[in-house]
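Single-structure report; data block below.
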There are 2 protein chains.
Amino acid sequence: MQTTAIKKLYKQSEKYLGKRIKVNGWVRTVRASKAFGFIELNDGTFFANLQVVFEESLSNFKEVARLVTGSAITVEGELVESPGAKQPFELKAENIEIVGSCAADYPLQKKRHTFEFLRTIAHLRPRTNTFAAVFRVRSLAAYAIHKFFQERDFVYAHTPVITGSDAEGAGEMFRVTTLGFDNTPRNEAGQVDFTRDFFGRETNLTVSGQLEVETYCHAFGKVYTFGPTFRAENSNTPRHAAEFWMIEPEIAFADLKDDMDLAESMMKYVIGYVMENAPEEMDFFNKFIDKSLLARLENVLKSEFGHVTYSEAIDILKNSPEKFEYPVEWGYDLQTEHERYLAEKHFQKPVFVTDYPKQIKAFYMRMNNDQKTVAAMDLLVPGVGEIIGGSQREERLDYLEQRMKELGLSPEDYWWYLDIRKYGGTTHAGYGLGFERLIMYLTGMSNIRDVISFPRTPKNAEF
Amino acid sequence: MQTTAIKKLYKQSEKYLGKRIKVNGWVRTVRASKAFGFIELNDGTFFANLQVVFEESLSNFKEVARLVTGSAITVEGELVESPGAKQPFELKAENIEIVGSCAADYPLQKKRHTFEFLRTIAHLRPRTNTFAAVFRVRSLAAYAIHKFFQERDFVYAHTPVITGSDAEGAGEMFRVTTLGFDNTPRNEAGQVDFTRDFFGRETNLTVSGQLEVETYCHAFGKVYTFGPTFRAENSNTPRHAAEFWMIEPEIAFADLKDDMDLAESMMKYVIGYVMENAPEEMDFFNKFIDKSLLARLENVLKSEFGHVTYSEAIDILKNSPEKFEYPVEWGYDLQTEHERYLAEKHFQKPVFVTDYPKQIKAFYMRMNNDQKTVAAMDLLVPGVGEIIGGSQREERLDYLEQRMKELGLSPEDYWWYLDIRKYGGTTHAGYGLGFERLIMYLTGMSNIRDVISFPRTPKNAEF
């Protein structure tokens with residue numbers, strides 16, 4: 001007999017009610033008296049459990065009554081309407097096979113565990129309600145992103161993880177090497193001889209696929225990356241991980257306005273997709289993690305995102321009654337407190353801040369006519385602050401070379417990046433979205449360690 | 001005026017014929033006489049070009065007539081039926097704006113370039129027909145894989161790229177470190193003090209997400225990974241790369257047969273999706289790369305995959321008239337020549353070989369009752385040989401510990417992997433599909449360097 005996913009029972013119950021079915025799953029709880037008992041069974045396909053009722057007539061009644069949380073079982077029986085109010089139906093067991101027992105020291109007993117404790121058993125935590133919901137939403141959000149871009153004929157490009165370019169300047173990098181620390185090959189001057197390393201040069205883990213994907217943008221017009229990126233920064237905060245996934249779309253024949261329109265559509269699409277496809281999980285987050293979550297996301301769906309220049313934003317902040325910890329001054333980067341004030345109090349919806357001073361933004365951003373600001377945009381959202389950073393890219397070779405010179409970057413290291421400006425270069429723009437930040441935003445979870453299956457942070461690479 | 005993608009013109013031409021439209025793109029060729037000219041324009045959204053016709057009446061006729069390959073332009077005009085037989089329609093230009101010029105040393109002139117040469121300009125090669133087709137198919141195949149698993153309620157898990165576990169035994173690993181080669185911290189015994197490294201321990205790039213995803217399988221029932229994996233093997237062959245993407249599904253309450261059924265469905269789904277969504281690209285490959293490609297893929301779609309045990313396969317090979325370079329003997333691994341003979345000559349379709357001798361397979365594969373073979377499966381396909389490797393996993397703690405002992409693996413290093421067997425462990429199975437091998441199979445391309453945007457191989461990490 002084929003097994004049926006518990007999700008199917010909930011989504012198409014009319015099809016299964018009164019039928020004999022077979023389900024697999026893991027026991028969440030067992031309550032048993034002498035004559036009958038109840039099992040809350042979860043098979044991982046759906047947020048809710050299936051109630052299984054079993055009676056004394058079961059050949060292995062005693063063993064089943066003694067089942068402990070975490071055991072794996074297979075149940076056959078009839079799906080019937082439930083007399084109880086808590087669930088719409090229940091499975092009347094005719095046969096229960098104990099497939100996998102669970103040792104007595106199972107750490108996930110029926111009680112509240114702290115997120116800190118659950119991080120130490122990251123291999124087991126997706127069996128809890130919270131983490132099952134987080135990682136199901138993560139999976140759905142990843143798919144929604146692919147679906148959004150593919151439906152719009154974007155080409156998904158896999159940019160390299162190992163990179164020979166160590167000069168992107170987006171952050172500290174991890175070295176990738178096969179050289180040993182003992183008997184390291186050295187040249188006559190005593191320096192490490194990286195020509196003997198695996199790739200014949202120094203290599204690192206990428207901090208961004210943007211520069212590479214700009215080249216693909218000039219072949220396909222619309223492209224995106226979705227892959228892991230790395231920062232070797234010793235930041236032990238709830239918002240930083242050494243390994244995280246990033247989405248980086250890039251569009252040709254496009255300016256900053258097109259870029260912001262794309263970001264707004266994408267955000268709304270992903271939020272809408274997750275709310276539609278994981279309503280039980282989203283209700284759970286709204287009830288137990290962040291009571292303002294659904295109201296906030298629904299507000300995003302129906303708002304037109306705001307637009308304000310950096311210079312205007314500085315004025316707004318200076319004229320606000322709010323006391324900020326960090327100074328507000330033209331030329332300084334906005335801090336999270338400023339970003340949240342703008343999004344939460346002033347605009348009360350997501351807002352794009354554009355045209356930042358060139359000195360606080362990357363070399364590849366397009367110079368504005370004022371020669372002081374660049375065509376950059378950050379999307380600030382209530383509850384988080386910055387969630388997306390993007391820009392129109394400098395397509396003019398002379399401007400780009402001038403800017404690289406000012407910053408001491410060597411054109412030879414970027415020969416292929418500069419080539420794109422020489423050979424049919426067009427206006428183009430793109431942005432980066434930190435995937436884990438998005439998941440935190442979608443779930444209300446406040447620590448990045450709780451939205452990554454096996455997080456990598458300073459001094460931590462267990463599992 | 002909004003721009004229209006050239007793909008839309010081809011797919012919904014009735015909607016656009018006779019209308020005034022605007023397109024962007026890059027010039028593939030220009031032919032011009034004194035009174036008029038033709039431009040073959042490609043915008044990256046579609047395999048075929050759009051023919052643009054321009055006449056002397058154009059204000060910048062002379063500049064347009066002198067346009068070179070690679071230039072970026074924006075064209076406005078009317079889409080009309082083409083008098084020529086080569087294309088169904090053409091764009092009668094009323095206005096052509098030259099958006100991005102192209103320098104005279106543009107390497108992609110209208111002539112045949114070798115794949116070897118094109119690898120040296122990996123940032124420009126997606127502008128050629130072949131590589132535009134390869135990377136569009138790659139993007140579609142990636143999406144098809146997500147779509148297949150998501151439609152079947154699999155949860156997509158992102159397993160870590162940086163791993164503290166160096167003992168998986170699947171291959172040589174790259175070290176990830178922030179320690180310097182000079183003044184490396186050392187303990188009193190003179191050994192490198194990895195407690196001072198970023199993660200406080202030795203870390204490497206992952207060779208597989210399988211062990212981690214097995215833990216998620218025991219929470220969600222059906223899961224998959226799709227991410228980059230790494231091998232620091234000095235193999236300079238057309239089939240090996242140091243960085244490649246892998247898909248690893250894992251299913252609970254499932255045995256080897258379920259595993260093979262899943263692999264067969266997935267292969268057929270992906271092939272079908274790509275043939276349906278990239279017919280122009282597939283025709284191109286069939287014409288210019290591998291003339292038997294479409295016949296082979298269509299044969300896969302309509303075949304039921306074969307099944308044979310390793311022991312039976314050895315007998316078939318021993319009794320075959322074929323002369324093999326490598327010996328055929330029970331206990332030896334199958335070589336590509338053996339795999340291809342089985343798939344191409346004997347079965348003439350994809351075939352699963354199952355139940356390999358335990359000594360040539362990994363420690364986590366489930367021991368068969370004969371105590372000599374394990375519940376492993378390799379999928380062999382005509383034209384390639386092995387494309388998928390999988391197994392039912394050993395869910396019995398005592399068997400697994402015994403096998404680890406035999407192989408000298410330390411249980412402490414695998415505490416979390418063993419936990420899965422202690423706490424509600426069930427029968428489960430999974431497989432790995434090398435994504436680049438799949439793309440080679442789908443396109444007929446014979447070098448892995450030509451299906452990865454910026455390939456990483458020994459002594460090569462350019463871009």
Side-chain angles (χ1 to χ4, degrees), chain A residues 7 24 26 43-45 70-72 99-100 102-103 106 123 126-127 136 139 142-143 146 150 153 155-158 160-162 164 174-178 181 184 192 198-201 203 212 215-216 219-221 228 232 243 245 253 416 419 422-426 453-454 456 459 461-463, chain B residues 5 7 24 26 43-45 70-72 99-100 102-103 106 123 126-127 136 139 142-143 146 150 153 155-158 160-162 164 174-178 181 184 192 198-200 203 212 215-216 219-221 228 232 243 245 253 416 419 422-426 453-454 456 459 461-463:
Chain A
K7 180 179 180 175
N24 297 314
W26 290 273
D43 74 350
T45 64
S71 309
V99 176
C102 190
Y106 187 48
H123 60 312
R127 304 178 183 196
R136 199 173 294 110
S139 171
Y143 185 56
H146 283 298
Q150 296 270 340
D153 290 319
V155 168
Y156 177 26
H158 294 90
V161 170
I162 298 172
F174 289 101
R175 180 189 298 287
V176 174
T177 186
T178 53
F181 288 104
T184 315
V192 177
F198 187 91
F199 295 107
R201 64 193 295 171
T203 49
E212 283 93 352
T215 71
Y216 268 53
F220 295 109
E243 173 179 334
W245 285 60
F253 301 99
W416 49 273
D419 265 7
K422 283 168 65 181
Y423 303 130
T426 75
S453 59
F454 300 99
R456 271 63 180 113
K459 303 295 172 204
E462 188 62 73
F463 305 102
Chain B
K7 179 176 181 178
N24 296 313
W26 290 274
D43 73 351
T45 64
S71 310
V99 176
C102 191
Y106 188 49
H123 60 312
R127 303 178 183 197
R136 201 174 294 110
S139 170
Y143 185 56
H146 283 297
Q150 295 270 340
D153 291 319
V155 168
Y156 177 26
H158 295 90
V161 170
I162 298 172
F174 289 102
R175 180 189 297 286
V176 174
T177 186
T178 53
F181 288 105
T184 315
V192 176
F198 188 91
F199 295 107
T203 50
E212 283 92 353
T215 72
Y216 268 54
F220 295 109
E243 174 179 333
W245 284 60
F253 301 99
W416 49 272
D419 265 6
K422 284 170 65 182
Y423 303 130
T426 76
S453 59
F454 300 99
R456 271 65 181 111
K459 303 294 172 205
E462 188 62 70
F463 306 103

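Quick note on labels: first sequence line is chain A, next is B, and so on, each numbered from 1. Note that the structure is a prediction, hence the values are computed from the model and not measured.
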request  = Report the C-alpha distance between B:R175 and A:V176 in whole Å, list the side-chain angles of each, state the deciding distance to 0.1 Å, and finish with yes or no for side chain to side chain contact (heavy atoms under 4.5 Å, CB included).
outcome  = CA-CA 6 Å; B:R175 180 189 297 286; A:V176 174; over 6 Å; no

query = Under a 4.5 Å cut-off applied to non-hydrogen side-chain atoms, are A:P160 and B:F463 in contact?
reply = no

Side chain, backbone, both or neither: which part of [X] has a non-hydrogen atom closer than 4.5 Å to chain A?
| X | value |
| --- | --- |
| B:D43 | backbone |
| B:T203 | side chain |
| B:A103 | both |
| B:P126 | both |

query = Taking the six-membered ring for Trp, is the centroid-to-centroid distance between A:W26 and B:Y423 below 6.0 Å?
reply = no

key: Between B:F199 and A:F174, ring centroids under 6.0 Å   = yes

Rounded distance [0.5 Å steps], SG in B:C102 versus NZ in A:K422 = 9.5 Å

With a 4.5 angstrom heavy-atom cut-off, could you sort out which part of [X] is near chain B: side chain, backbone, both or neither?
| X | result |
| --- | --- |
| A:R201 | side chain |
| A:A157 | neither |
| A:V99 | both |
| A:T184 | side chain |

key: Winner by heavy-atom pair count (cut-off under 4.5 Å) against chain A, out of B:G425, B:S71, B:A5, B:A142   = B:G425

note = Interface check, chain A: of B:R456, B:E462, B:R127, B:H158, most non-hydrogen pairs under 4.5 Å belong to B:H158

task = Would you name the heavy atoms of A:I162 and B:E243 that are closest together and state the gap between them?
result = N-OE1, 2.9 Å

message = Using the rule given for side chain to side chain contact (heavy atoms under 4.5 Å, CB included), can you reason through A:T215 versus B:F454, listing the C-alpha separation, both sets of side-chain angles and the distance that settles it, and then say yes or no?
response = CA-CA 11 Å; A:T215 71; B:F454 300 99; 3.5 Å; yes

request  = Could you have a look at A:K7, A:Q150, A:R136 and say which one has the most heavy-atom pairs with chain B under 4.5 angstrom?
outcome  = A:Q150

request  = Select, from A:V155, A:T178, A:V192, the one with the greatest count of heavy-atom pairs under 4.5 Å involving chain B.
outcome  = A:V155

task = Hey, can you tell me if B:W245 and A:Y156 have their rings parallel, tilted or perpendicular (30° and 60° cut-offs)?
result = perpendicular

task = On the 0 to 90° scale, with breaks at 30° and 60°, tag the B:Y143-A:H146 ring pair as parallel, tilted or perpendicular.
result = tilted

